[in-house]
Amino acid sequence: MDALDKNSLQASGLPLAFYGTVIHSRSLESLEILEKCFLLVDISGRIQELQSGVDPSQINTIISDLGYTPDVFPVKYLEHGKFLCPGFVDTHNHAPQWAQRGVGRGKALLDWLNEVTFAHEAKFADSEYAERMYTSCVTGLLSQGITTASYYASLHGKATQILANICLDKGQRALIGKCNMNRNSPDWYRDESVEGSLHETRELIQHIQNIDPESQLLKAILTPRFAISCEPDLLSGLGVISQEYPDLPIQTHFNEAQQEMSFTRQLFPEFRTETELYKHFGLLNERSILAHCIFLEEQEMQTIEDLRCGVAHCPISNTTMDAFMVAPIREYLRRGIKVGLGTDCGGGHAISMLECMKQAFVVSNARQMLTQGQDPALSLPEGKTGNFAIGKEFDALEVHTVDLEGAMTPVEEEDSISVIFEKWIMTGDDRNIAKVYVRGRSVKL
C-alpha cells in the first residue's frame, strides 16, 4: 500500500456545515447541550467554527465572516430529535476474535483462551481469511459509531499489517498491535522465538509509518498479550522498543482475573505485583493502556496514578466470564487516573459502545452496593467521549431518533434534548447512527 495521500481522508473539496443540536462533554462531570448550533468543518477535517444560539438568518453572515461564499456548500439542518455527538472510542478490542463473540460464556479466563480463543486466532495465519474477517470487523465497528479503536491483533505479523491497511482504507483511527506471546499457549499458536516476535513487531511499526507517515489515523502499539504469555527476554525487548519510540503506545491485560494473577506470580516470583513487573520491564508510563484492572492494591493504584497510565474498563467481559468482577472505577476517577471503555470483543459479546455504557452503569451500581455508598454509581455525564472544540478534528456521530423503526424508546414532541439523549443511550442502537465521520470524512456504509 502506498503512503497516505494527504487529501484522501477529506470529506470532499468543500467544508461540512451543520445547524441544530450538538451534545458533547467539556469536563468529566458535565454534559453540554448546544441548541441552535452552527458547526463548520474545514476541508482538512478540523472544526473551524462552533456557535450556539444562532438564528438561521445569521448563518450566511457567519459563513461569509469565515471567508467562504454562502451557498457554495450546503448546510445540513438537524430537526428536533437529531443531533451530533463525538464518535466512540473503544480502548480494548481483539480484532481476531470478531467471529467468536458470544462463545465460551461462563468459562474461566485461561480455560476460555485454551479451549476457544487460541484456535480461532490461529486462523489468521491465512492472509485471505485475515483480509475477509478484519474487513468485516472494521466495517462493523464503524457502523456502531466506533471512530477509534485500540486493537490487539493475532500474533501474525502479515495479518496485523493487513488490519492496518484496512483501517486506513476505511478511515478508522486505530492503535494496532501484533500480539507478543511466546509461551503458555499451544505449540501451534505462539511466537517461535523472542527474536522473531520482536522482529515482526518492528516490521509492523515500520509498515504503519510507511502507509501513514504523519500518523493521521494509525499508530502501532506494543502488545504483550499478558505477562503469562511472555518470557522475560521478550518483555525486556519490548521495553527497549518502547525507549526507542518514545511516542509509541503500549497495551496489555492487567490484573484481569485471580487465576491469571496467581499464574503470573508463579512465573515471576521476584515481583510481588504486576505493577512491579511491568514497571521493571519499562512498560508502564503515560502511554500504557491497562485492560481490566480489577484487583489493584493501594500501592499499585498509586504507581499507576504517578506514572499516568490509563485503564481500559471492560464491564461486559468482566461480568460474563466465570465470575462477576467489579473494577473500582470510581476510585480510579477519584485519583485522576484516565479511564476509557472497552468492548473487549470477543471476551465481551457486544460490539456496541452503548451496550458497554449501560453495563458500566450496572457495574457501578454493584460497586456502590459493595462499598455501602462510598463509591457512588456512575452518572450519564461521565460517559465522556470528547468534544467539538474549535481546532479539533471532526470525529462525530449524526444521531437520528425520530422517524425510525427500532428498539429505541419513542421520542415524543414534548421531550427535551436531554431526555432524548438519555433515551438513545439507554435504548438506542446502531440503527439510530445515521452518519459516522472521522476527520470530516463519512465512513459508515
Side-chain angles (χ1 to χ4, degrees), residues 9 23-25 45 83-102 133-153 163-177 212 216-219 221 223 249 251 289 291 310-317 338-360 383-388 392-400 421 424-426 428-445:
L9 298 179
I23 303 174
H24 65 171
S25 298
F83 56 86
L84 297 176
C85 70
F88 294 138
V89 178
D90 186 350
T91 62
H92 185 63
N93 188 295
H94 290 270
Q97 295 175 20
W98 177 252
Q100 70 171 76
R101 287 171 292 135
M133 203 55 63
Y134 282 153
T135 297
S136 176
C137 173
V138 175
T139 301
L141 295 183
L142 284 172
S143 74
Q144 297 289 332
I146 295 174
T147 53
T148 301
S150 188
Y151 286 121
Y152 288 60
L163 174 59
N165 295 344
I166 291 168
C167 290
L168 184 63
D169 179 64
K170 292 191 172 295
Q172 186 183 51
R173 291 187 195 274
L175 305 178
I176 299 167
D212 189 2
Q216 291 187 352
L217 287 180
L218 307 182
K219 265 189 175 294
I221 182 168
T223 308
Q251 63 183 353
I289 303 172
V311 171
H313 178 39
C314 305
I316 294 178
S317 58
K338 298 172 290 187
V339 179
L341 286 176
T343 61
D344 197 13
C345 164
H349 55 265
I351 59 169
S352 166
M353 292 304 294
L354 293 173
E355 290 299 315
C356 201
M357 289 180 196
K358 284 178 272 193
Q359 190 67 4
K384 180 180 178 182
T385 58
N387 61 54
F388 293 124
K392 284 194 172 184
E393 293 182 335
F394 185 66
D395 290 9
L397 312 182
E398 183 183 319
V399 179
H400 294 186
F421 184 69
W424 175 60
I425 291 290
M426 298 308 296
D429 57 30
D430 59 295
R431 288 169 289 188
N432 300 110
I433 302 174
K435 288 277 190 179
V436 179
Y437 299 92
V438 177
R439 300 186 75 244
R441 172 188 174 186
S442 178
V443 294
K444 180 174 180 176
L445 297 179

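The minimum heavy-atom distance linking Q97 with G347 is given by the pair OE1-N, 3.5 Å. When all heavy atoms of G342 and C356 are compared, the pair lying nearest together is O-SG, 3.2 Å. The minimum heavy-atom distance linking C167 with V138 is given by the pair SG-CG2, 3.9 Å.
Under a 3.5 Å cut-off, the side chain of R441 and the backbone N or O of V438 do not form any donor-acceptor pair. Judged by distance alone, with hydrogens and angles left aside, the side-chain atoms of H24 form a donor-acceptor pair with the main-chain N or O of F388 at under 3.5 Å.
A 4.5 Å side-chain heavy-atom check between H92 and I289 finds every atom pair outside the cut-off. The closest side-chain heavy-atom distance from L397 to L84 is not below 4.5 Å. Within the 4.5 Å cutoff, no side-chain heavy atoms of T147 are placed close to those of V443. Between I433 and K444 there is a side-chain heavy-atom pair separated by less than 4.5 Å. Annotation: side chain of R439 is in contact with side chain of L217 (closest heavy-atom distance under 4.5 Å). Counting heavy atoms from C-beta outward, Q251 and S150 have side chains that approach closer than 4.5 Å. With a 4.5 Å cut-off on side-chain heavy atoms, V399 and C85 count as touching. Taking the side chain as every heavy atom from C-beta outward, Q144 and I351 approach each other to under 4.5 Å.
Judged purely by distance below 3.5 Å, without hydrogens or angles, the side chains of Q172 and Y151 pair a donor atom with an acceptor atom.
Note: D430 CG to L142 CG = 12.0 Å, rounded to the nearest 0.5 Å. Within the model, atoms CD1 of I176 and CD1 of I221 stand 10.0 Å from one another, a figure rounded to the nearest 0.5 Å. To the nearest 0.5 angstrom, L163 atom CG is 13.0 Å from M133 atom CE. With rounding to the nearest 0.5 Å, the separation of CE in M353 from CG in L341 is 4.5 Å. Atom CD in E393 sits 7.5 Å away from atom CD in Q216 (nearest 0.5 Å).
With sequence neighbours left out, the side chain to side chain donor-acceptor pair (under 3.5 Å) criterion links Y152 to no other residue. Residues satisfying the side-chain contact (heavy atoms from CB on, under 4.5 Å) criterion with S317, sequence neighbours excluded, are H292, C314, D344. With sequence neighbours excluded, the residues satisfying side-chain contact (heavy atoms from CB on, under 4.5 Å) with H349 are I316, T320. Shown here are the salt bridge (charged side-chain N to carboxylate O under 4.0 Å, His left out) partners of K219, two or more places apart in sequence or in another chain: D247. For T91, there are no side chain to side chain donor-acceptor pair (under 3.5 Å) partners two or more places apart in sequence or in a different chain. Among residues two or more places apart in sequence or in another chain, the side-chain contact (heavy atoms from CB on, under 4.5 Å) test is passed with T139 by T135, K170, L445. For T148, the side-chain contact (heavy atoms from CB on, under 4.5 Å) partners are V89, R173, D395, not counting sequence neighbours. In this view, F83 and F421, W424 satisfy the ring pair (Phe, Tyr, Trp, His ring centres under 6.0 Å) rule, not counting sequence neighbours. Residues forming a side chain to side chain donor-acceptor pair (under 3.5 Å) with K435 (at least two apart in sequence, or on another chain): none. Every residue was checked against the ring pair (Phe, Tyr, Trp, His ring centres under 6.0 Å) condition with H313, not counting sequence neighbours, and none meets it. Under the rule for a side chain to side chain donor-acceptor pair (under 3.5 Å), the partners of T343 that lie at least two apart in sequence or sit in another chain are D90, N93.
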Steps toward side-chain contact (heavy atoms from CB on, under 4.5 Å) verdict (Y437, E398): CA-CA 8 Å; Y437 299 92; E398 183 183 319; 3.6 Å; yes

Do V436 and F88 pass the side-chain contact (heavy atoms from CB on, under 4.5 Å) test, and can you show the C-alpha distance, the side-chain angles, and the key distance before you say yes or no? CA-CA 10 Å; V436 179; F88 294 138; over 6 Å; no

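For residues 350-360, the side-chain hydrogen bond (donor to acceptor under 3.5 Å, both in side chains) pairs, not counting sequence neighbours, are T319-Q359, E355-K358.
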